[in-house]
Amino acid sequence: MREYNPKEIEKKWQDIWEKNHVFEASNDKSKPKFYALIEFPYPSGQGLHVGHPRPYTALDIVSRKRRMQGYNVLFPIGWDAFGLPTENYAIKNKVHPKLVTEKNVERFKSQLKSLGFSFDWSREINTTDPEYYKWTQWIFLKLFEKGLAYKKEAAINWCTECKVGLANEEVVNGVCERCGGEVVRKVKNQWMLKITEYAERLINDLETVDFIERVKVQQINWIGRSEGAEVDFRTTEDYVLKVYTTRPDTLFGATYMVISPEHPMIDTLKDKIENMDELLNYRDLAARKSDFERTELSKEKTGVQIKGIMAVNPVNNKEIPIWVSDYVLMSYGTGAIMAVPGHDTRDWEFAKKFGLPIIEVVAGGDIEKEAFTDIETGRMVNSDFLNGLEVKEAKEKIIAWLEEKGIGKRKVNYKLRDWVFSRQRYWGEPIPLVYCEKCGWVPIPEDELPLLLPEVESYEPTDTGESPLANITEWVNTTCPKCGGKATRETDTMPQWAGSSWYFLRYVDPHNKNALASKENLEYWMPVDWYNGGMEHTTLHLLYSRFWHKFLYDIGVVTTPEPYMKRTSHGMILGENNEKMSKSRGNVVNPDDMVNEFGADTLRMYEMFIGDFEKAVPWSYNGIKGCRRFLDRVWRLQNFLVDGEEYSKDLETSMHRTIKKVSEDFESLKFNTAIAAMMSLINEFYSKERVNKAEFRTFLILLNPVAPHITEELWEIAGFPGMLHNQKWPEWDESKTVEDQVEIAIQINGKVRERITIPSGLDRQGTENAAMKDPKVTALIEGKNIVKVIAVPGKLVNIVVK
RNA sequence: GCGGACAUGGCGGAAUUGGCAGACGCGCUAGAUUUAGGAUCUAGUGGCAACCCCGUGCAGGUUCAAGUCCUGUUGUCCGCACCA
């Protein structure tokens with residue numbers, strides 16, 4: 001027997017698979033399809049770390065199994081390659097981001113290939129490839145055409161050091177992630193996408209897909225649907241203040257109003273407001289607060305009353321004061337609220353601080369001590385025609401009343417905001433629009449796509465907060481496609497989330513020149529059958545891509561309303577010290593080192609055996625050694641190999657059980673227990689010092705998805721026909737998964753006192769009889785009064801005595 | 001503050017509908033082999049000296065029977081965070 005040498009055999013089989021194109025998805029659409037998807041990586045300069053292969057191996061296992069089950073499998077890979085880290089690195093080292101990207105992709109690719117994933121490399125895509133981003137731009141133009149892309153003033157994070165706009169995730173503790181510089185809010189004209197228009201469907205359609213519960217919950221919370229009413233409040237001036245409330249039932253308890261510092265009423269009525277200076281001062285102060293201050297130091301409420309104007313509560317015509325406070329956000333609802341301090345915690349705090357009246361309108365709590373916000377138990381009081389009703393009934397009644405009087409209506413609101421789609425950076429997809437003095441924003445003609453990123457010497461950010469593209473005058477200045485007059489290009493680029501919002505569609509037809517993908521291929525492959533990815537993308541990429549897909553569905557490009565049928569998520573792999581892996585903590589484990597020392601099969605296996613797939617887990621050097629030990633034992637099975645085309649009698653049950661366990665566990669993310677089952681089986685082979693050909697074949701097939709190289713090699717050494725990767729997945733016979741004899745426990749008063757072995761088919765009565773006959777049991781219950789006997793066939797008998 | 005998840009040996013983790021807690025692996029102990037170390041093989045390994053007994057974060061409860069169900073409570077992690 002040769003020694004197990006992973007270095008040699010892994011390279012050998014990877015070359016064979018590649019040469020024979022064995023993992024490329026077929027165009028044969030008569031076979032059932034299976035589309036497995038992992039989140040395509042961002043090719044960073046750091047290369048892969050051991051966290052990456054965890055989800056990849058999981059879906060590689062499922063893909064390999066599906067192929068052996070006769071499916072046409074699409075398991076693609078690509079690069080999400082636009083983005084800031086590459087651009088920053090490029091600026092710092094004076095290299096073009098394109099070259100940086102190429103280098104990083106190459107590194108990632110060789111790392112991934114060394115792990116033996118069964119990706120279809122012929123469909124590799126790259127978001128920075130003009131042939132790819134042509135279609136990203138095309139989708140943007142469609143969104144623009146349908147009025148779902150619009151330009152609006154919005155605040156961005158601006159790093160004063162790097163002179164660059166930052167994404168929210170690039171602002172850490174109020175400073176720039178890269179340089180530690182101060183980050184301020186800068187109001188800029190931004191392209192926005194109307195994701196809010198899809199809010200309702202993004203929630204409702206979650207019912208039609210198989211996503212793990214925590215993903216659904218997080219998306220629903222993020223979208224934040226709430227039901228309530230809009231109510232008009234007259235003022236003592238000619239101005240109607242519209243508010244949104246989820247508690248219209250408490251209208252009689254509204255003792256004052258609060259508007260956001262940015263509310264337009266302040267400017268509209270500036271001539272009537274007596275303390276305008278004070279208000280403007282407050283507005284200024286609020287604006288200068290960074291996001292950090294607003295969240296961390298938000299304990300104490302602040303505010304200023306508007307002097308000279310009062311609002312009128314529509315239910316009782318009482319005049320109530322209007323305040324300005326930054327606890328009311330312009331970006332939610334109408335930017336104004338009716339304050340009901342008796343039944344809203346924030347209003348209560350504000351009222352206490354400024355000595356405003358608190359009226360109880362829902363009985364049940366003690367509003368002297370705190371706001372009473374319970375909506376289940378309370379009864380309406382001090383509310384005229386609502387008195388005595390439950391909160392739920394009162395809501396209905398008051399909404400009907402408001403609608404009848406024409407001063408309010410039922411309204412649904414969402415926390416979800418429209419998607420800020422502009423980035424003032426170079427390394428992203430150019431937005432394919434030009435601005436013409438005469439025609440406004442005009443899309444460039446589709447046949448001129450892609451609009452290429454200009455090749456330039458310098459792409460450094462500017463002092464002004466403009467995109468670096470703004471400096472390239474020969475690129476910016478163009479003609480209007482509509483009127484032929486002078487026009488300028490949009491200089492902002494798209495965010496990194498753009499390319500990843502539709503990449504799974506390109507995989508089904510990656511070289512198509514005429515469409516983002518052909519109708520036939522989309523119809524055959526979509527939706528994705530199984531998508532695994534990180535929880536950190538739940539409210540970003542996953543939501544964005546569902547939005548784009550629904551849009552594409554609406555305009556007839558794709559044929560399903562949802563892109564992904566099933567979504568699962570993996571846990572993080574931590575350092576040996578139980579902390580997050582990071583360079584600064586010095587606990588990073590490089591997969592290359594592991595492949596070098598133990599082999600790819602061992603690494604893959606350990607990634608799956610390490611623990612509960614969905615939970616975070618610390619890396620363990622000893623743990624991976626154990627997996628290598630197992631593969632060494634697998635290798636040495638050759639020594640025990642004997643003839644036999646049927647499972648031997650004494651192993652038959654174990655074989656069928658293991659097939660069942662492995663088959664089922666691979667489907668339900670329980671890779672760790674599937675591997676444990678195979679370890680148990682090999683322990684049996686070893687204790688019998690024998691494995692026959694039929695058993696060995698099945699064992700190799702079961703192990704193949706986890707450890708594809710060693711199993712192929714052993715298959716070949718054993719002289720089995722063909723190659724392993726296209727064998728048929730074994731089946732189990734349910735009737736053969738149970739032993740003839742089964743050991744059951746006999747309990748007396750719930751405590752195990754004896755174990756007996758009985759035929760496994762025995763029924764309840766038979767089981768009971770067998771137990772009662774047992775000599776030890778008879779001795780133990782001798783002279784006692786039997787109250788009850790509970791027999792569970794195949795499990796236990798419990799005798800209750802006194 | 002709101003929402004979600006989790007809690008089992010020295011460690012990672014197993015345990016259909018409530019039915020023998022601790023599968024499998026690591027680590028550890030002893031033995032075999034080896035000049036030695038490593039590797040490998042064999043046996044053992046929740047606690048207790050020990051049969052009894054005690055053991056699934058803590059306190060109650062339901063049940064013949066609870067890691068699993070119910071009530072309360074503590075801790076850890078994640079997401080959101082003045083969303084009216």
Side-chain angles (χ1 to χ4, degrees), chain A residues 212-222 224-226 228 243-248 250 254 257-258 260 291 294-296 298-299 301 325-329 331-340 343-347 349-350 373 413-417 535-536 538-539 571-572 576 578 605-606 609-612 614-630 632-633 636 661 664 670 672-683 686-687 743-755 787-801:
Chain A
I212 46 171
E213 205 49 36
R214 54 196 172 128
V215 168
K216 290 190 183 185
V217 167
Q218 246 185 62
Q219 289 208 341
I220 289 168
N221 288 349
W222 181 263
R225 184 182 197 276
S226 77
V243 303
Y244 171 72
T245 177
T246 56
R247 295 295 305 275
T250 61
M257 308 198 63
V258 188
S260 156
D291 282 352
R294 264 181 127 128
T295 53
E296 293 299 308
S298 64
K299 301 266 186 290
K301 295 257 182 304
S325 173
D326 64 1
Y327 84 88
V328 173
L329 310 172
S331 48
Y332 184 78
T334 62
I337 62 156
M338 62 177 213
V340 184
H343 305 284
D344 182 282
T345 312
R346 297 150 302 180
D347 297 344
E349 283 168 13
F350 193 82
T373 55
N413 249 329
Y414 302 93
K415 282 200 277 188
L416 184 71
R417 303 288 148 79
M535 282 306 289
E536 70 274 18
T538 302
T539 53
M572 217 184 334
E576 293 226 40
N578 232 314
M605 174 151 202
Y606 182 56
F609 188 64
I610 191 168
D612 184 336
E614 302 196 70
K615 287 201 207 127
V617 63
W619 186 260
S620 157
Y621 184 74
N622 278 325
I624 191 171
K625 274 201 314 205
C627 286
R628 172 59 191 258
R629 198 132 58 205
F630 170 75
D632 283 326
R633 277 159 75 78
R636 292 196 307 270
K661 179 82 182 150
E664 290 178 347
K670 287 150 90 178
N672 53 339
T673 48
I675 291 168
M678 290 188 272
M679 288 172 165
S680 296
L681 184 59
I682 207 174
N683 287 346
Y686 268 78
S687 69
E743 191 188 63
I744 64 160
I746 300 173
Q747 299 180 332
I748 292 171
N749 289 341
K751 301 239 148 89
V752 180
R753 288 291 180 252
E754 177 65 324
R755 288 167 217 275
V787 182
K788 203 172 178 184
V789 179
I790 298 105
V792 183
K795 296 278 184 190
L796 54 62
V797 177
N798 189 7
I799 304 162
V800 186
V801 297

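Labels below follow one simple rule: chain letters A, B, ... track the order of the sequence lines, proteins then strands, and each chain is numbered from 1.
A:Asp347 places a side-chain N or O within donor-acceptor distance of the main-chain N or O of A:Val340, the cut-off being under 3.5 Å. With A:Tyr606 contributing its side chain and A:Ser620 its backbone, the two residues share a donor-acceptor pair below 3.5 Å. In this structure a side-chain-to-backbone donor-acceptor pair under 3.5 Å is missing from A:Asp344 to A:Thr373. Here the side chain of A:Gln218 pairs no donor or acceptor atom with the backbone of A:Thr539 at under 3.5 angstrom.
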Scan nucleotides 64-66 of chain B against the protein and return all N/O pairs shorter than 3.5 Å with their distances rounded to 0.1 Å.
from: B:C64; atom 1: O2'; to: A:Asn798; atom 2: ND2; distance (Å): 3.2
from: B:C64; atom 1: O2; to: A:Asn798; atom 2: ND2; distance (Å): 2.7

Identify all pairs in which a protein N or O lies below 3.5 Å from an N or O of nucleotides 26-31 of chain B, and state each distance.
from: B:C26; atom 1: OP1; to: A:Arg629; atom 2: NE; distance (Å): 3.1
from: B:C26; atom 1: OP1; to: A:Arg629; atom 2: NH2; distance (Å): 2.9
from: B:G27; atom 1: OP1; to: A:Asn622; atom 2: OD1; distance (Å): 3.4
from: B:G27; atom 1: OP2; to: A:Arg629; atom 2: NH2; distance (Å): 3.1

Please produce a list of atom pairs where a protein N or O lies less than 3.5 Å from an N or O of nucleotides 9-16 of chain B.
from: B:G12; atom 1: O2'; to: A:Ile610; atom 2: O; distance (Å): 2.3
from: B:G13; atom 1: O3'; to: A:Asn672; atom 2: ND2; distance (Å): 3.3
from: B:A14; atom 1: OP1; to: A:Asn672; atom 2: ND2; distance (Å): 3.4

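Using atom P as the reference point in both B:G72 and B:C80, the two lie 28 Å apart (nearest Å). B:C26 and B:U76: their C1' atoms are spaced 24 Å apart (whole Å). Comparing the same atom, P, in B:U16 and in B:C69 gives a spacing of 12 Å after rounding to whole Å. To the nearest whole angstrom, the two P atoms, one in B:G4 and one in B:G13, are 24 Å apart. Look at the P atom in both B:A14 and B:U63: the space between them is 32 Å, to the nearest Å. B:G47 and B:C11: their P atoms are spaced 12 Å apart (whole Å). Remark: the separation of the P atoms in B:A50 and B:G1 is 47 Å, to the nearest Å. Look at the P atom in both B:G10 and B:A23: the space between them is 14 Å, to the nearest Å.
Base orientation for B:G9: syn, the chi torsion being within 90° of 0.
Distances from the side chain of A:Lys301 to the nucleotides B:A84, B:C82, B:C80 place B:C82 closest. Closest to the side chain of A:Met679, out of B:C54, B:G25, B:C82, is B:G25.
Counting only residues at least two apart or in different chains, salt bridge (charged side-chain N to carboxylate O under 4.0 Å, His left out) contacts with residues 616-629 of chain A comprise A:Arg628-A:Asp632.
Residues A:Arg753 and A:Gly335 both approach RNA chain B. Their nearest nucleotides, taken by heavy-atom distance, put A:Arg753 toward the 5′ side. Between A:Arg633 and A:Ala336, the residue anchored nearer the 5' end of RNA chain B, judged by the nucleotide with its closest heavy atom, is A:Arg633.
Here A:Arg225 pairs with A:Glu200, A:Glu227 under the salt bridge (Lys or Arg N to Asp or Glu O under 4.0 Å) rule; sequence neighbours left out. With sequence neighbours left out, A:Lys670 forms a side chain to side chain contact (heavy atoms under 4.5 Å, CB included) with A:Asp665, A:Ser668, A:Asn672, A:Thr673. Legend: residues meeting salt bridge (Lys or Arg N to Asp or Glu O under 4.0 Å) with A:Lys415, ordered by chain and number and at least two apart, are absent. Every residue meeting the side chain to side chain donor-acceptor pair (under 3.5 Å) condition with A:Ser331, not counting sequence neighbours, appears here in chain and number order: A:Arg417. Residues satisfying the side chain to side chain contact (heavy atoms under 4.5 Å, CB included) test with A:Lys751, not counting sequence neighbours, are A:Arg753. Residues satisfying the side chain to side chain donor-acceptor pair (under 3.5 Å) test with A:Gln219, not counting sequence neighbours, are A:Arg546. A search for side chain to side chain contact (heavy atoms under 4.5 Å, CB included) contacts involving A:Arg633 returns A:Arg636, A:Ile682, A:Asn683, A:Tyr686, not counting sequence neighbours.
The side chain of A:Ser226 places an N or O atom within less than 4.0 Å of a non-bridging phosphate oxygen (OP1 or OP2) of B:A84. OP1 or OP2 of B:C41 has at least one side-chain nitrogen or oxygen of A:Arg636 nearer than 4.0 Å.
Residue A:Glu743 is classed as a base contact, given a heavy-atom separation below 4.0 Å to a base.
Atom pair A:Met605:CE and B:C24:C1' shows a separation of 10 Å (rounding to whole Å applied). A straight line from CH2 of A:Trp619 to C1' of B:G25 spans 14 Å, rounded to a whole angstrom. If you measure from atom CG of A:Asp344 to atom P of B:C82, you get 13 Å, rounded to the nearest angstrom. Between A:Asn221 atom CG and B:A5 atom P there is a gap of 11 Å when expressed in whole angstrom units. Regarding A:Glu213, its CD atom lies at a distance of 16 Å from the P atom of B:G3, rounded to whole Å. With rounding to whole Å, A:Ile682 atom CD1 is found 14 Å from B:U40 atom C1'. Atoms CG (A:Asp326) and P (B:A84) sit 17 Å apart, rounded to a whole Å. One can place CG of A:Asn413 at 9 Å from C1' of B:A84, the figure rounded to the nearest angstrom.
Checked against A:Ile746 for a side-chain contact (heavy atoms from CB on, under 4.5 Å), the options A:Asn798, A:Ile799, A:Val752 give a single hit: A:Ile799.
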Stepwise, does the side chain to side chain contact (heavy atoms under 4.5 Å, CB included) test hold for A:Trp619 with A:Val617? CA-CA 7 Å; A:Trp619 186 260; A:Val617 63; over 6 Å; no
Could you check A:Val800 against A:Asn749 for side chain to side chain contact (heavy atoms under 4.5 Å, CB included), going step by step and ending with a plain yes or no? CA-CA 5 Å; A:Val800 186; A:Asn749 289 341; 3.7 Å; yes
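When all heavy atoms of A:Met338 and A:Ala254 are compared, the closest pair comes out as CB-CB, 4.1 Å.
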How is the base pairing of RNA chain B summarised as a dot-bracket string, given the Watson-Crick and G-U wobble criteria with both distances under 3.5 Å, [ ] for crossing and | for another strand? (((((((..(((......[....)))((((((.......))))))((.....))..(((((..]....))))))))))))....
